[in-house]
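All figures in this text were calculated on a predicted structure; none of them were measured in a lab.
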Amino acid sequence: MSTPAPQHRARLDPPALVALLLGLAGVGYRLVLTLLTVPNGNSDEATFGLAALHIADGRERPVFLYGQHYMGMAESYLAAPLVALAGPSWPVLRLPLLALYALFLWLSYRLTRRLFSPWLAVLVVGLLALGTERVVRDQLTVVGGRPEVKPAVLAMLLIAVGLAERRLARRRAAIGLAGLLAGFALWSDWLIVPYLAVAGLLLLYATRRELLGWSGLLLVAGFVVGAAPMIWDNLRAPPGEDSLSVLREISAGTGPAPPWSQRLGGGLLEGVPLASGLCPVTGCARWQEWFGLLYPVLLVAAGLLALRAYRRAAGRPTAERVRPVAQLTLVAGAALTLIAYVRSPLAATDPLGNARYLSVLQISLPAVLWPLWAAAVACWRGTAGVVGRLAGAVATAVLAGFAATAVVATGLFVTGLDATRADQRRAVELAAAVRATGLREVYGDYWTCNRLTFDTGERVVCAVLDDALTPGQNRYRPYWWQVGRAERPGYVLPAGSPAERRLRRLLGDGADAARLVEVAGYRVYHPPSAVRPWR
């Protein structure tokens, strides 16, 4: 009687095993932060949460964020089933983004290993597992676009490389999927356009002959399906309210354009280190700005290395030349993103608040680190001359410095969570206090209203007023109409704010009698009759 042949299970090699452990640590770290509601929520994120609640209830099918025409609502649709099952809460709202982060880690490892080296892929996963408040906020808070477009682009790049190397059997389906991902990413966040452009060129390079037939039609069809919500909404948008017009107006800013020196300083010295996880959200110290200065140098070096590799592969099949082309794709995507950012006045006027627009640079982290890694490996293997060994020692020190700075910045964030958690507790206390008063419709400022409405699961509906107690930025107009119909709406205002002082002047001697409660830095008023100065 013959014995069956032994079956061999696929085993992880050492780089894959280390990367898996680091990835699990990164996901676990973010799971704890998600359960603690760190970073704290705000009214922008609450608007996405309320949209998820409306989607779950079947009341709305929003295409863009309420009150906008350029930020896709994919994150709300992803959260809607969980909200339907467990009700609205910040951890429930953010759980889909945790899954997207895990997918991003895995795809980053796969692409880095395919294009560069296994142990560089491990380093990339380890660095991406860390996270300061700026980095974690971009990954875990539901504010639109960035968490989903990064894995979409990585998947497109892997598809293009796989097609060129003849690794994918169902080629037409893969091309159609690439188009679908491109359309979906464009709908979600226009910030990803530079990466979509270069990823599209890589796909064209890998499948240029196939795209003349059915594959090209599938690519276009996939793109149209992925971008269908955006296309449909823009076809119906009034003149000047389409996505392109709105984005152009936002990017232009107001007033005279800041000089290039300020925009470059804000983009390189603040934006790049912040987006790379080297600085606290309050800004970069001088010793943390070094990577911003080095970043364009590393991009140029990575591009030169890719060009040299491409020249060495001249005359060989596309399968052997696609890797340096893909490396150039990562370099070009980062360069175009950085150029687009520093062209905007926002890079100079508010570099701390707008550094989030550079979070997509994480896609190109392997390419940026590749020149340092290659020099360090050549040094330690003894394959370089004296100059090469010196360059390798410097590269090793830079890599170690980058990793150490990221670890220290993450540690400072983790040890300073008390203020963030205290802010979230105050928001919960405020929601409970307002509910306890029995108020159903209230007015408040922008950063209070939708957060309060989400924290109460719409048991309290809030409409936005500005400091002069006139209509403010009401993203979801039905709330404004509902509060406007209330005979005796309440007012939830920060204590001592211009809006509260204005309300007290209008109430006169009855101000103290109308005040119900003071909690978490807010005062809740319920006047005997509605106070609406704009009427």
Using ring pair (Phe, Tyr, Trp, His ring centres under 6.0 Å) as the criterion, list what pairs up with Phe454, not counting sequence neighbours. Trp90
Please enumerate all residues that pass side-chain contact (heavy atoms from CB on, under 4.5 Å) together with Leu507, with sequence neighbours excluded. Leu503, Ala511, Ala514, Tyr525, Pro527, Val531
Would you please name every residue forming a ring pair (Phe, Tyr, Trp, His ring centres under 6.0 Å) with Tyr479, sequence neighbours left out? Tyr476
Using only atom types and a distance under 3.5 Å, with no angle test, would you say the side chain of Gln288 pairs donor to acceptor with the backbone of Cys279? no
Looking at residues at least two apart in the chain, or sitting in another chain, which of them share a ring pair (Phe, Tyr, Trp, His ring centres under 6.0 Å) with Trp534? Tyr443, Trp480
Any idea how Trp187 and Phe184 line up, ring-wise: parallel (<30°), tilted (30 to 60°), or perpendicular (>60°)? perpendicular
Within a strict 4.5 Å, meaning less than it, do heavy atoms of the Tyr70 and Leu65 side chains meet? no
Quick check on Arg286: does its CZ atom have over 12 non-hydrogen neighbours (other residues, nucleotides or ligands) under 6.0 Å away? no
Given side chains that start at C-beta, do those of Phe291 and Leu298 come closer than 4.5 Å, heavy atoms only? yes
If you count the non-hydrogen atoms of other residues, nucleotides and ligands that lie under 6.0 Å from CH2 in Trp232, is the total more than 12? no
For the CG atom of Asp138 and the CZ atom of Arg146, what is their distance to the nearest 0.5 Å? 5.0 Å
Scan side-chain atoms only and decide if Asp242 and Ser245 contain a donor-acceptor pair under the 3.5 Å cut-off. yes
State, yes or no, whether a side-chain contact exists between Leu31 and Leu98 at a heavy-atom distance under 4.5 Å. yes
Taking the side chain as every heavy atom from C-beta outward, state whether Leu33 and Leu417 have any atom pair closer than 4.5 Å. yes
Show me the pairs that pass disulfide bond (SG atoms under 2.5 Å apart) and involve residues 413-503, at least two apart or across chains. Cys449-Cys462
Student check: side-chain heavy atoms of Arg532 and Pro489 closer than 4.5 Å: yes
Can you confirm whether Asp233 sits close enough to Phe64 that some side-chain heavy atom of one is under 4.5 Å from a side-chain heavy atom of the other? yes
The side-chain contact (heavy atoms from CB on, under 4.5 Å) partners of Val225 (sequence neighbours excluded) come to Leu180
Does the side chain of Asp445 pick up a donor-acceptor pair with the side chain of Thr448 at under 3.5 Å? yes
Looking at side-chain heavy atoms only, is the closest gap between Ser359 and Arg356 below 4.5 Å? no
N-O pairing of Glu270 and Arg134 below 4.0 Å: no
From Leu338 CG over to Tyr341 OH, what is the distance, rounded to the nearest 0.5 angstrom? 9.5 Å
Gap separating the CG atom of Leu465 from the CG atom of Leu469, nearest 0.5 angstrom: 6.0 Å
Taking 4.0 angstrom as the limit, do Arg426 and Asp423 come out as a salt bridge? yes
Would you say the side-chain atoms of Ser43 pair up with the backbone N or O of Tyr446, donor to acceptor, closer than 3.5 Å? yes
Do you know which of Leu130, Thr410, Leu24 makes side chain to side chain contact (heavy atoms under 4.5 Å, CB included) with Tyr29? Thr410
